[in-house]
Amino acid sequence: MAAAATAITATRDHLVCGLAAVTIDTDESQLVKRMLVLYDELSGRSCQERSFFFRGSVPKVTDSYREERRREIAAAALRCFGRKGFQGTSMADIIAESGLSAGAIYGNFKNKDDLIDVSVHGVLDRLLKWIDPIGSSDPILEPHEFLAAFLRNIRQDIVTDGLLLQVWAEAVTDPDLRPMVAETLTEIKAVFASYLTHWYTQTRGLPTEAASEKADKYAPVLLGTCQGFLVQSAIVPDFNTEGYLAGLSMIAL
């Protein structure tokens with residue numbers, strides 16, 4: 001086993017760019033499996049794979065360890081996507097950002113498309129994470145306070161506003177991504193509608209049915225206001241964040 005481990009250590013991270021043979025191992029802790037992969041850097045996909053084991057037992061990797069490793073890799077990919085974009089980021093960038101071996105990356109994710117899918121899910125889930133507690137606060141917030149709290153939270157939590165713009169842009173041309181993004185926006189709009197229904201009944205004394213009707217009418221407006229904030233803050237130099245948030249009080253509902 002010592003000789004096998006030494007051989008693995010000597011050859012790990014041997015990644016040749018272009019259409020070439022790549023020798024990688026499948027984990028960080030002297031796993032005895034080695035894979036020979038034909039890897040096309042241009043497409044970011046492994047074309048062929050051959051695996052074999054050295055003699056000896058393979059250490060067991062727990063589900064919690066594997067999940068933590070996947071989160072670590074996805075976080076590294078997200079940072080790269082935020083800086084260089086989905087198309088501009090290579091698997092080599094993600095490997096370097098994570099500080100892990102190529103084997104650790106490919107042992108958890110098939111290719112860059114797989115990482116993009118996981119990253120987009122993560123970004124969209126984090127949008128929903130922040131909005132639910134704000135909408136159910138007691139006492140109920142005024143609409144401009146509700147929107148300002150939501151926008152401040154997502155600016156602090158999500159890597160860059162530009163990453164959200166990339167997700168929306170990719171959804172326009174990616175038929176697999178579009179339904180996922182549309183579903184998340186629909187869920188956010190539904191939370192806005194639920195908040196507005198509660199606000200109309202509590203502060204304006206409207207019956208539930210009338211409040212719900214008005215809420216459905218104005219929820220897309222609140223969603224569009226948030227999207228406008230994110231677009232401008234990502235693109236406009238010296239964007240006045242506090243001025244925009246203060247101006248939310250001018251929205252008449």
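We use all heavy atoms of the structure for the numbers below, so side chains are in, but hydrogens, waters and symmetry mates are not.
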J.: Parallel, tilted or perpendicular: which fits the ring planes of Phe239 and Phe229, with parallel below 30° and perpendicular above 60°?
T.: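 Answer is perpendicular, since the angle exceeds 60°.
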J.: Quick test of your reading of the model: are Arg178 and Glu170 salt-bridged, counting only N-O distances below 4.0 Å?
T.: no
J.: Only one of Val191, Ile188, Leu147 passes side-chain contact (heavy atoms from CB on, under 4.5 Å) with Leu222; say which it is.
T.: Leu147
J.: Report the C-alpha distance between Glu97 and Asp93 in whole Å, list the side-chain angles of each, state the deciding distance to 0.1 Å, and finish with yes or no for side chain to side chain contact (heavy atoms under 4.5 Å, CB included).
T.: CA-CA 6 Å; Glu97 179 71 23; Asp93 292 328; over 6 Å; no
J.: Salt bridge or not between Arg152 and Glu242? Use side-chain N to carboxylate O under 4.0 Å.
T.: yes
J.: Walk me through it: do Met91 and Ile94 pass the test side chain to side chain contact (heavy atoms under 4.5 Å, CB included)?
T.: CA-CA 5 Å; Met91 287 299 287; Ile94 296 170; 4.2 Å; yes
J.: Look up atom CD in Glu213 and atom OG1 in Thr208, then write down how far apart they are to the nearest 0.5 Å.
T.: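 It is 13.0 Å, given to the nearest 0.5 Å.
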J.: Can you check side chain to side chain contact (heavy atoms under 4.5 Å, CB included) on Leu124 and Val120, steps first, answer last?
T.: CA-CA 6 Å; Leu124 297 178; Val120 169; 3.8 Å; yes
J.: Can you tell me how far CD1 of Ile105 sits from CD1 of Ile73, rounded to the nearest 0.5 angstrom?
T.: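 Result: 4.0 Å between the selected atoms.
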J.: For residues Cys80 and Thr89, report the shortest heavy-atom separation together with the two atoms involved.
T.: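 Taking every non-hydrogen atom into account, O-OG1, 3.3 Å.
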J.: Kindly give the heavy-atom pair with the smallest separation between Ala219 and Ala193, and that separation in Å.
T.: CB-N, 3.8 Å
J.: Can you get from Leu245 to Met250 by hopping between Ile, Leu, Val, Met, Phe, Trp and Tyr side chains that sit under 4.5 Å apart?
T.: no
J.: Taking all heavy atoms of Val181 and all of Ala171, pick out the closest pair and write down the distance.
T.: CG2-CB, 3.8 Å
J.: Considering all heavy atoms of both residues, which atom of Val118 and which atom of Arg70 are nearest to each other, and what is their separation?
T.: CG2-NH2, 4.0 Å
J.: Hydrophobic cluster membership, with links at side-chain heavy-atom distances under 4.5 Å among I/L/V/M/F/W/Y: are Val172 and Leu165 in one?
T.: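 No, because Val172 and Leu165 fall into different hydrophobic clusters, even though each may have its own neighbours under 4.5 Å.
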J.: Can you tell me how far apart NZ (Lys112) and OG (Ser119) are? Round to the nearest 0.5 Å.
T.: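 One finds 11.0 Å between NZ of Lys112 and OG of Ser119.
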J.: Can you tell me how far the CG atom of Leu164 sits from the OG atom of Ser233, to the nearest 0.5 Å?
T.: 9.0 Å
J.: Return the minimal non-hydrogen interatomic distance between Ile116 and Phe81, and the atom names on each side.
T.: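 Heavy atoms of Ile116 and Phe81 come nearest at CG1-CZ, 3.6 Å.
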J.: Flag the pair Glu67 and Arg71 as a salt bridge only when some basic side-chain nitrogen lies within less than 4.0 angstrom of an acidic carboxylate oxygen.
T.: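 Looking at Arg71 together with Glu67, the answer is yes, because their closest N to O distance falls below 4.0 Å.
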J.: Of the options Phe146, Tyr218, Trp199, which is the one that meets Phe192 in a ring pair (Phe, Tyr, Trp, His ring centres under 6.0 Å)?
T.: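 Passing option: Phe146.
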J.: So does Asp63 have more than 12 non-hydrogen atoms from other groups sitting under 6.0 Å from CG?
T.: no
J.: What is the distance from atom OG1 of Thr197 to atom CG of Asp216, rounded to the nearest 0.5 Å?
T.: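 If I round to the nearest 0.5 Å, the distance is 6.5 Å.
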J.: Provide the closest heavy-atom pair for Arg69 versus Asn108 in the form atom of the first, atom of the second, distance.
T.: CG-ND2, 3.6 Å
J.: How long is the straight-line distance from CE of Met180 back to CG of Asp174, given to the nearest 0.5 Å?
T.: 8.0 Å
J.: Find out whether Pro143 and Leu248 are in side-chain contact, i.e. whether some heavy atom of one side chain is under 4.5 Å from a heavy atom of the other.
T.: no
